[in-house]
Amino acid sequence: MIKLTSEEILSRIQSAFTEGIVEAYESFGMLTVVFKREINIELLSFLKQDKDLNFHFLTDLCAVHYPDRENEEMGMIYHLHNFFTGTRIRLECFFPIADPTIRTIIPLWNSANWQERETFDFYGVIFEGHPDLRRIVNVDEMDYFPQLKQYPLEDAVREDKNDAMFGR
């Protein structure tokens with residue numbers, strides 16, 4: 001198999017998806033493609049099933065919370081890997097925290113099951129179509145999602161800690 005360049009990979013993606021790709025850039029040698037959440041299944045399926053791209057391994061999926069980004073406070077990040085060529089790609093999509101839903105990718109990768117449950121447990125992202133979306137680490141009675149930046153990192157009465165030191 002021939003290793004494709006970031007430009008070739010992006011060209012293939014843009015040819016297949018004339019709409020839905022927001023932007024693309026390369027960071028630390030890895031192509032990052034930002035897309036609209038409505039095409040997550042179609043885009044990930046294309047990347048996995050295209051015989052030349054062959055991003056067959058889901059390395060990771062996770063959420064991010066950017067409270068200062070209006071209507072894009074929540075984000076999903078997917079990392080895919082083609083073992084045969086050693087190529088990796090990062091995919092990102094952003095959406096409002098008021099509607100934290102995205103379609104599950106379990107039909108593409110069974111390993112997404114536990115990763116999506118963990119993401120739900122810590123960030124509150126709801127994966128439509130997930131067969132068993134419930135907490136995986138935190139107690140069931142917990143009524144909030146601890147990784148959202150609306151919650152302080154430390155006890156508010158402590159004076160020796162400053163949230164600014166933790167990127168907040």
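Checked against ring-ring contact (aromatic ring centres under 6.0 Å, His included), Phe95 has no partners two or more places apart in sequence or in another chain. For Asp60, there are no salt bridge (Lys or Arg N to Asp or Glu O under 4.0 Å) partners, not counting sequence neighbours. Evaluation of the salt bridge (Lys or Arg N to Asp or Glu O under 4.0 Å) rule for Arg69 yields Glu72 as partners, not counting sequence neighbours. The salt bridge (Lys or Arg N to Asp or Glu O under 4.0 Å) test applied to Asp132 returns Arg117, Arg134, not counting sequence neighbours. Every residue was checked against the ring-ring contact (aromatic ring centres under 6.0 Å, His included) condition with His65, not counting sequence neighbours, and none meets it. Applying the side-chain hydrogen bond (donor to acceptor under 3.5 Å, both in side chains) test to Thr59 and every residue at least two apart in sequence or in another chain returns nothing. In this structure, Arg90 has no salt bridge (Lys or Arg N to Asp or Glu O under 4.0 Å) partners at least two apart in sequence or on a different chain. Residues passing the side chain to side chain contact (heavy atoms under 4.5 Å, CB included) test with Glu118, sequence neighbours excluded: Phe122, Ile136. Not counting sequence neighbours, the partners of Glu8 by the side-chain hydrogen bond (donor to acceptor under 3.5 Å, both in side chains) test are Thr5. Residues satisfying the side-chain hydrogen bond (donor to acceptor under 3.5 Å, both in side chains) criterion with Ser11, sequence neighbours excluded, are absent altogether.
For His56 and Phe84, the gap between ring centers is short of 6.0 Å. A ring-centre distance under 6.0 Å is not found for Phe35 and Phe17.
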From CA spacing to verdict: side-chain contact (heavy atoms from CB on, under 4.5 Å), Ile9, Leu53: CA-CA 7 Å; Ile9 295 168; Leu53 298 177; 3.9 Å; yes
Test log, rule side chain to side chain donor-acceptor pair (under 3.5 Å), inputs Glu26 and Thr32: CA-CA 6 Å; Glu26 192 165 315; Thr32 300; over 6 Å; no
Salt bridge (Lys or Arg N to Asp or Glu O under 4.0 Å) assessment of Arg135 paired with Asp140: CA-CA 6 Å; Arg135 292 201 180 263; Asp140 292 333; 5.7 Å; no
Test log, rule side-chain contact (heavy atoms from CB on, under 4.5 Å), inputs Glu7 and Leu10: CA-CA 5 Å; Glu7 292 79 17; Leu10 181 59; 5.9 Å; no
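The side-chain heavy atoms of Cys93 and Asn40, taken from C-beta on, include no pair separated by under 4.5 Å. For the pair Ile89 and His79, the minimum side-chain heavy-atom distance is 4.5 Å or more. Looking at heavy atoms from C-beta onward, Leu47 lies in side-chain contact with Ile13 at the 4.5 angstrom threshold. By the 4.5 Å heavy-atom criterion applied to side chains, Phe46 and Ile39 are not counted as neighbours. Phe127 is listed as a side-chain neighbour of Met76, based on a closest heavy-atom distance under 4.5 Å. Side-chain contact between Ile21 and Val33 is present, with heavy atoms from C-beta onward closer than 4.5 Å.
Atoms CD1 and CG, from Ile97 and Asp99 in turn, are 11.0 Å apart once rounded to the nearest 0.5 Å. Between atom CD1 of residue Ile105 and atom CG of residue Leu80 there is a gap of 7.5 Å, rounded to the nearest 0.5 Å.
Between Pro96 and Arg37, the shortest heavy-atom distance links the atoms CD-NH2, 4.1 Å. Ala112 and Leu58 make their closest contact through CB-CD2, 3.8 Å (heavy atoms, listed as atom of the first residue, atom of the second, distance). Pro67 and Glu73 make their closest contact through O-CG, 4.0 Å (heavy atoms, listed as atom of the first residue, atom of the second, distance). Taking both residues in full, the closest heavy atoms of Pro131 and Ile106 are given as CD-CD1, 3.4 Å, listed atom of the first, atom of the second, then distance. Closest heavy-atom contact between Leu91 and Leu43: CD2-CD2, 4.0 Å.
Residues Val22, Tyr25, Val64, Tyr66, Ile77, Phe94 make up the rest of the hydrophobic cluster containing Val34, defined by ILVMFWY side-chain heavy atoms closer than 4.5 Å, directly or through other members. Through chains of ILVMFWY side-chain contacts below 4.5 Å, Phe83 is grouped with Phe57.
Side chain of Asp121 to backbone of Val137: a donor-acceptor contact under 3.5 angstrom is found. Judged by distance alone, with hydrogens and angles left aside, the side-chain atoms of Glu116 form no donor-acceptor pair with the main-chain N or O of Trp114 at under 3.5 Å.
Taking a 6.0 Å sphere around CD of Glu23, one finds it holds more than 12 heavy atoms contributed by other residues, nucleotides or ligands. Counted within 6.0 Å of CD on Glu128, heavy atoms from surrounding residues, nucleotides or ligands total more than 12; the atom is thus considered enclosed. Atom NZ of Lys48 is surrounded by more than 12 heavy atoms from other residues, nucleotides or ligands within 6.0 Å.
The pair Arg103-Glu42 counts as a salt bridge, with a side-chain nitrogen and a carboxylate oxygen less than 4.0 angstrom apart.
The cluster map of Ile, Leu, Val, Met, Phe, Trp and Tyr, joined by side-chain heavy atoms under 4.5 Å apart, puts Phe55 and Leu4 in the same cluster.
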